[in-house]
Amino acid sequence: MTREKRLIPYKVLEVMETVKEKIPEGVELVKAPAIWEKSSYGEGVVVAVIDTGIDKEHPDLKERIIGGKDFTNTGDYQDDNGHGTHVSGTVVAAINNAGVVGVAPKASILALKALNGQGQGDIDWINGALEYAINWRGPNEEKVSVISLSLGGPPDETEHKLIQKALQNDILVVCAAGNSGDGRHETDELDYPGAYPEVVEVGAVDLSRNLADFSNTNDEIDLVAPGVDILSTYPGNKYARLSGTSMATPHVSGAAALLKVIAEREFERNLTEAELYAQLVKSTEDLGISKKAQGNGLLNLTITEQRAEKSIKITIESENLKLPSKSVVMEY
């Protein structure tokens, strides 16, 4: 069995030198801006992105990098591929009057380079990055809350055990489903780590909310997010539009950061991994297609508020029968 992991095949549609600051369509589609203020823009949450590294000097990213490490023996976690920079931008690109804005623009990135310039990586590199993310502590004792993985390959026992260890440390692991879809929901396409049952497996939709033809379908899909024609950061202070489940995954990783801030403020305590996962599942909208394609549905960060607005509370009581009053919440 091969010991190599790789970037899940993706498409570079366009590379641009500059972009007037805008909120990318994918970030808008998941309704992230609507909860930015309530979630403090994800401030204080650390997302570990295990990928090809990051453009450390990109103006939209450099202030959001809390740390990084190379596992590919190049000695530097600078991105020499492009994929990791694009993924990271979708998670955390800053609001700075230029370029693009990420889902959680005040969260922090721990950039772990476990894939080389060709988008390939030995399984030991991936596992080393997972172990590092689990044990990492920041300058103020910060811990990783979310691990984002947009890569794939065959299953590996050590990798699987490390992901289980991450969950035991209350780290949510978000993974791309893969781009081997054949357009038929009834057939299964499996890529790992995405297909492990413990991870949040993310499929892709286009900006019109249609399932992307390339998106893997299987019983482990948890939700879908925008993954077609996604605008984000690119090395050399540039920007690019890419397509793939790799691009859907960071929308979910960033959303988890926002939801963590909101829920922990409400509960007045730290969330467990299972509780953060539950917050994600609550923030999905059924697209009316197979669960093997969409899982719980499309990421929608305002859907819980929309449901609350569509519910009415009815109190039923009977004085004659001397029964206690009962309240029922009904959605319409």
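Given the structure is predicted, the values throughout are model-derived calculations rather than measurements.
Side chain to side chain, Asn127 and Thr158 fail the donor-acceptor criterion of an N or O pair below 3.5 Å. In the model, Asn96 has no side-chain atom that pairs as donor or acceptor with a side-chain atom of Glu63 under 3.5 Å. Side-chain atoms of Glu131 and Asn135 include a donor-acceptor pair closer than 3.5 Å. Side-chain contact annotation: Thr72 with Asn116, donor-acceptor N/O pair under 3.5 Å absent. Judged purely by distance below 3.5 Å, without hydrogens or angles, the side chains of Thr302 and Asn300 pair a donor atom with an acceptor atom.
Contact between Ala212 and Val228 at its shortest, heavy atoms only, is CB-CG2, 3.8 Å.
Looking at heavy atoms from C-beta onward, Pro226 lies out of side-chain contact with Met247 at the 4.5 angstrom threshold.
A side-chain donor-acceptor contact under 3.5 Å links Ser150 to the backbone of Ser246.
For Glu14 and Lys238, the salt-bridge test fails: no basic side-chain N is under 4.0 Å from an acidic carboxylate O. Ionic pairing of Arg64 and Glu43 is not present here: no N-O contact between side-chain nitrogen and carboxylate oxygen is shorter than 4.0 angstrom. A salt bridge links Lys113 with Asp80: at least one charged nitrogen is closer than 4.0 Å to a carboxylate oxygen. The residues Asp219 and Lys291 are annotated as not salt-bridged, no charged nitrogen and carboxylate oxygen being separated by less than 4.0 angstrom. Ion pair Asp191/Arg6 flagged as a salt bridge, since at least one NZ, NE, NH1 or NH2 atom sits closer than 4.0 Å to an Asp/Glu carboxylate oxygen.
The NE2 atom of His86 sits 9.0 Å away from the OH atom of Tyr10 when rounded to the nearest 0.5 Å.
A 6.0 Å sphere centred on NZ of Lys143 holds no more than 12 heavy atoms belonging to other residues, nucleotides or ligands. Within a 6.0 Å radius of CD in Glu21, other residues, nucleotides and ligands contribute more than 12 heavy atoms.
Under the 30°/60° scheme for interplanar angles, the aromatic rings of Tyr239 and His58 are found to stand perpendicular.
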